[in-house]
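Notes to accompany the following structure.
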Amino acid sequence: MKIFSFLRHHKINFVIALVLLCIQANLELAVPGVMSNIVDIGIARGGIVGEAPVGATASELARIQTDYILGQGAHMLVLTLLSVACSILAAYNASKTSAAIGREVRHALYERVLSYSPAEMEKFSSASLITRATNDIQQIQMITVMCLRIVLFAPCMGVGAVVRVLSTPTGMEWILVVAICIIAIAIGILMGLTMPKFRRMQGLVDRNNLIAREILTGIMPIRAFGRQEHERARYDEANRELTGTYIFTNRAMAFLGPVMMIVMNATTVAIVWFGGLGVDAGTIEVGTLMAYINYVMQVIMSFMILTMISVMLPRAGVAAERVLEVLDTTTSIAEPAPEHAVTRADGAGWRGEIAFSDVTFAYPDADMPTLEHIDFSVAPGQTLGIIGSTGSGKSTLVQLIPRLYDVASGRVTLDGVDVCNIPLTELRAQVGYVPQRRFLFSGTIESNIKYGNDRMDDERMERAARIAQATDFIEAKPDGYRSAIAQGGSNVSGGQNQRLQIARALAIDPKVLVFDDSFSALDYKTDATLRAELGRSCRDAAVIIVAQRIATIMHADEIVVLDDGRMVGKGTHEELLRTCPAYLEIARSQLSAAELGLDDDGHADTPATPVLDQKGGER
Ligand SMILES: Nc1ncnc2c1ncn2[C@@H]1O[C@H](COP(=O)(O)OP(=O)(O)OP(=O)(O)O)[C@@H](O)[C@H]1O
Ligand SMILES: [Mg+2]
């Protein structure tokens, strides 16, 4: 069973549990024997073991009997106290081990997920990863406790009780066999009914989490579109299905209780009935009969516990499999092999020249490549603009630089070294990437800007904020850089959010700056000032700007035009106006002919000196 792979580092705790539980079982099994002594010897024979003392007075006999019964009673008490002590130690051992296993597995899972690339994240979905890290690990923890207590205890107890039943020849063993058969049939039916439901349960919990998460994160559009009812119904359906499954399995399990009670009571009645005949015939003593009933009950209980566990183990096995699936999935973005790794961390460092040569890329499971034959390079100090219609592959392209995805063919290089050969942390430390999808962490403005390096000094943080044009709004806040940021950055405006993201990327002083549609929420003036400031302050960095607005990239040293994953143009703004119809089309849709310096036929005349003062497009 896969579940046991989590327990292998805790063998010693297993041994401890086994020893403690064996002792406990033996102690508990000794109790009915002492009880039978009290009845058979203490009461029936007046507490006299062996020959009766000759000429003892009635009061002496009474004292012998009381002493015997008290002595046996004390014996029983000691046995019980020792067994309680064992049980407490076993419980402590089990809780400690299971908590340790929970911590280890959660840690391993978290480590693994942190190493995942977007491809693996997509494969699992974050909702499922959360269920696996919480619910599934809890299942594993619970089954560990059960293993270390009940699962090991039941066989110890069962075997001991069977030995004692067999060593007491009463001719009533058949009653035990019949009782066990009935229980086996009941549990068999129950398992058949509940197992498929148990298997589905985890998937349903996943779905529930997924919908809940989606509703919580999408609460704004849900309200805006008045879809509360629809979402409520969607959640209700998932919730009802999960609840239904829970109720069904719990009801089925609850059914087992009464069945057990009936079987156990009927067994007792049968033993008393047939045993009574034996007592009558003088072949069996009352105390022995009482102990016998006890042992039979223990055998039945142990059998039941073991079968119940066999119902629960597969369920925990599903949880274990789901956790192992995450632990066994390695990221598709592998670190370079040591013999190929190129590092310049200690030497002159990287310059920041990025080049794509004949790059083709397809998303996992996609039929068609998203990018084909991409070729360009950006030297340090230069700016490359990337423009294209939505879905043309701009974001995909820039994600290849910090290796969020790997190319299918071709090469992406940094200073001529294939990015696949640069250790990931070193590569990513050179790239200041501002993703298109904005995300700020809960904390403060300061913690967000210093995210790339906690030990960064304030001066560097303030410089980054200044270049990103964020100083004004930060300083307008009463707490300045210490102002709180809510999870996901929900308490700052879209433009403020974007500027903080830009500051975060700038703060690590990267050699390559990648802005994926990062100026879209800025007004034209801020956009222009920011880019001008960027040009002044990050003179040595290679800058890649993805934009929808032509004004944002028209001054770039080179512009790449993408259409449906292919490069349909490359050159400066002026060159592209003349040579690239796709670029001209975008340009015309955004700027007037006069602004573009086009003649009335739509042809570029003189190299355009854009008149963008009022829009603030110049640098
Ligand atoms: N994670 C993904 N898995 C599969 N396909 C994807 C994934 N992300 C994007 N795509 C597809 O790849 C294509 C390019 O997407 P991409 O996000 O690069 O476009 P884009 O040019 O950045 O668009 P936009 O201007 O809207 O940001 C799209 O057709 C999109 O459907
Ligand atoms: Mg994009």
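Numbers for residues simply follow the sequence, beginning at 1. Indexing begins at 1, ligand by ligand and atom by atom, following the structure's order.
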Within a distance under 4.0 Å of any heavy atom of [X], pick out the atoms of ligand 1 and give their elements.
| X | result |
| --- | --- |
| Tyr405 | 1 (N) |
| Thr396 | 14 (C), 15 (O), 16 (P), 18 (O) |
| Glu122 | 1 (N), 2 (C), 3 (N) |

Mind checking whether [X] has a heavy atom under 4.0 Å from ligand 1?
| X | answer |
| --- | --- |
| Gln399 | no |
| Phe361 | no |
| Asp517 | no |
| Ala366 | no |

[atom]: the protein heavy-atom neighbour that sits closest, reported with distance to 0.1 Å:
| atom | value |
| --- | --- |
| atom 13 (C) of ligand 1 | Thr370 CG2, 3.5 Å |
| atom 10 (N) of ligand 1 | Tyr363 CE1, 3.3 Å |
| atom 23 (O) of ligand 1 | Gly391 N, 2.9 Å |
| atom 26 (O) of ligand 1 | Thr390 CG2, 2.9 Å |
| atom 17 (O) of ligand 1 | Ser395 CB, 3.7 Å |

With the side chain counted from C-beta on, respond yes when Ile545 and Leu513 share a heavy-atom pair under 4.5 Å apart, and no when they do not.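 With C-beta onward as the side chain, the pair stays apart.
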
Does Gln138 CD have over 12 foreign heavy atoms under 6.0 Å away? no

So with a 6.0 Å cut-off around CD of Gln487, is the heavy-atom count from everything else above 12? no

Might you check, step by step, whether the distance between atom 30 (C) of ligand 1 and some protein heavy atom is under 4.0 Å?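 So atom 30 (C) of ligand 1 lacks protein heavy-atom neighbours under 4.0 Å.
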
Taking NZ, NE, NH1 and NH2 as the nitrogens, is one of them in [X] or [Y] under 4.0 Å from a carboxylate oxygen of the other?
| X | Y | value |
| --- | --- | --- |
| Asp517 | Lys394 | no |
| Glu533 | Arg536 | yes |
| Arg344 | Glu426 | no |

For Glu575 and Thr572, indicate whether the former's side chain and the latter's backbone hold a donor-acceptor pair under 3.5 Å. yes

Looking only at N/O atoms, are Ser392 and ligand 1 under 3.5 Å apart anywhere? yes

Taking the six-membered ring for Trp, are Phe441 and Phe439 parallel (under 30°), tilted (30 to 60°) or perpendicular (over 60°)? perpendicular

In terms of relative ring orientation, are His573 and Tyr583 parallel, tilted or perpendicular, with 30° and 60° separating the classes?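 Perpendicular: the ring planes of His573 and Tyr583 meet at over 60°.
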
Can you tell me if an N/O/S atom from Thr390 lies under 2.8 Å from the Mg ion (ligand 2)? no

From the Mg ion (ligand 2) out to just under 2.8 Å, does an N/O/S atom of Gln436 turn up?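 So Gln436 counts as coordinating the Mg ion (ligand 2), yes.
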
Walk me through whether Arg240 and Glu237 qualify under salt bridge (charged side-chain N to carboxylate O under 4.0 Å, His left out). CA-CA 5 Å; Arg240 209 171 298 131; Glu237 189 200 319; over 6 Å; no

